Colleague: 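There's a structure below that I have some questions on.
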Amino acid sequence: MVNGERLSFDDGLALYRSPDILAVGWLANYVREQMHGDTTYFNVNRHINPTNVCVAACRLCAFGRKKDAPGAYTMALEEAWASAASGYTEAVTEFHIVGGLHPDLPLEYFLDLVAGLKERFVQVHIKAFTMVEVSFLAKRAKLSIRETLEKLKAAGVDSLPGGGAEIFADRVRHIICDHKIDGGEWLETARTAHQIGLRSNATMLYGHVESDEDRVDHMLRLRELQDETGGFQTFIPLAFHPANTALDHLATTTGLEDIRQIAVGRLLLDNFGHIKSYWQMVTPKMAQISLRFGADDIDGTVIEEKIYHDAGATTPQGMRRADLIRLITEAGRVPFERDTLYRAVMRSEDSFTIAV
Ligand code: SF4
């Protein structure tokens, strides 16, 4: 790796199985510092989850509900637009929008949602809809993936988040998310998004029934697509939270597992610009430590997180900009407020400009 050689499948397995976590971390940190020095990225963002109604019933999920189940909700458009403006006073640079696969909401609802946000928040980048949601909306609207993505882009979607990738291996998907699109469809949807100029992230859900081989396979499939399109911005390993899911007999991930996953991601995904340690998932303390194990990004203010809190996350629902800066600074790194496309943000509390 230090020679710049691309790692193989077996190298990936060896990194997972090495008893010397500090050596694995040293290598990942070396690569991270070669790419970014001390710079550590964060953003001021807001999550919006328009509905938790979902037809999929994935066993990994504590968020989705049947339409008439207790706690099911769907925001009216005005409500979603109002929620975008609520929360902290600091001007957000990104809306992160994901939700359930609602059996009745048509594509037009989502197009109107995005167009209405763009109208009200002209400067804010809209990162919306996982590959799973895009595929579901396309099927419902009887459109191709490309046509659906083009409509979403025309309405104001600027990029896509990386969720729904889970683990690509069929064996695992059958257990944790049987009704979701398969790994090949996820990758094909991402390919199409990248081809029409929408960048995306990529996630991997770990710490459930997957093997080391499944994790390496997942990352190498992402690396292969990245070689082709260059459209992925950030890889985000997501620690599985079992509480309130159908897999609640499983244990939560440990700190060492979280750190190792960040490090292996940094080392295997040599063509990804950024590795994110998402503080909501692994706790702010582990996110801070991971900045020495390969991560260069800790995500953002979030403001109101629903999905992982339904699954028992004990982290705060949001953090202030100053808290993120403190976490990064105290790790001996240099905070860099980015927009979604990793450009510098210059700001006052209620306005910002992007360096281009
Ligand atoms: S993970 Fe997503 S698709 Fe699966 S049940 Fe939950 S909300 Fe629905």
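Numbering of ligands and ligand atoms starts at 1, following listing order. Being a predicted model, the structure only gives us computed values, none of them experimental. Sequence positions, counted from 1, serve as the residue numbers for this chain.
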Colleague: Students should be able to answer this: which protein heavy-atom is nearest to atom 1 (S) of ligand 1, and at what distance?
Modeller: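 Here the closest protein heavy atom is Lys180 NZ, 3.4 Å.
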Colleague: Counting heavy atoms only, which part of Ala57 comes closer than 4.0 Å to ligand 1: side chain, backbone, both or neither?
Modeller: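 Near ligand 1, Ala57 shows its backbone, while the atoms from C-beta on stay back.
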Colleague: With atom 5 (S) of ligand 1 as the reference point, say which of Cys58, Gly100, Gly64 has the nearest heavy atom.
Modeller: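 Looking at heavy atoms only, Cys58 sits closest to atom 5 (S) of ligand 1.
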Colleague: Of all the non-hydrogen atoms in the protein, which one sits nearest to atom 6 (Fe) of ligand 1, and at what distance?
Modeller: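 Scanning the protein heavy atoms, the shortest distance from atom 6 (Fe) of ligand 1 goes to Cys61 SG, 2.3 Å.
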Colleague: What protein heavy atom is closest to atom 8 (Fe) of ligand 1, reported as residue, atom name and distance in Å?
Modeller: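 Residue, atom and distance for the closest contact: Cys54 SG, 2.2 Å.
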Colleague: Of the side chain and backbone of His179, name the one, both, or neither that has a heavy atom under 4.0 Å from an atom of ligand 1.
Modeller: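 It is neither; nothing of His179 touches ligand 1.
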Colleague: Verify the ring-centre separation between Tyr342 and His274: is it less than 6.0 angstrom?
Modeller: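 Between Tyr342 and His274, which both carry aromatic rings, the centre distance is below 6.0 Å.
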Colleague: Evaluate whether atom CD of Glu224 has more than 12 neighbouring non-hydrogen atoms of other residues, nucleotides or ligands under 6.0 angstrom away.
Modeller: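 At most 12 heavy atoms, drawn from other residues, nucleotides or ligands, come within 6.0 Å of this atom.
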Colleague: Could you check whether Thr253 and Asp258, counting side-chain N and O atoms only, form a donor-acceptor pair closer than 3.5 Å?
Modeller: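 Present: a donor and an acceptor within the cut-off.
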Colleague: I'd like to check the side-chain contact (heavy atoms from CB on, under 4.5 Å) partners of Glu79; sequence neighbours left out, ordered by chain and number.
Modeller: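 Result, side-chain contact (heavy atoms from CB on, under 4.5 Å) vs Glu79: Met75, Ala76.
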Colleague: So, Arg260 versus Thr254: side-chain donor-acceptor pair below 3.5 Å or not?
Modeller: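 No, Thr254 and Arg260 have no side-chain donor paired with an acceptor closer than 3.5 Å.
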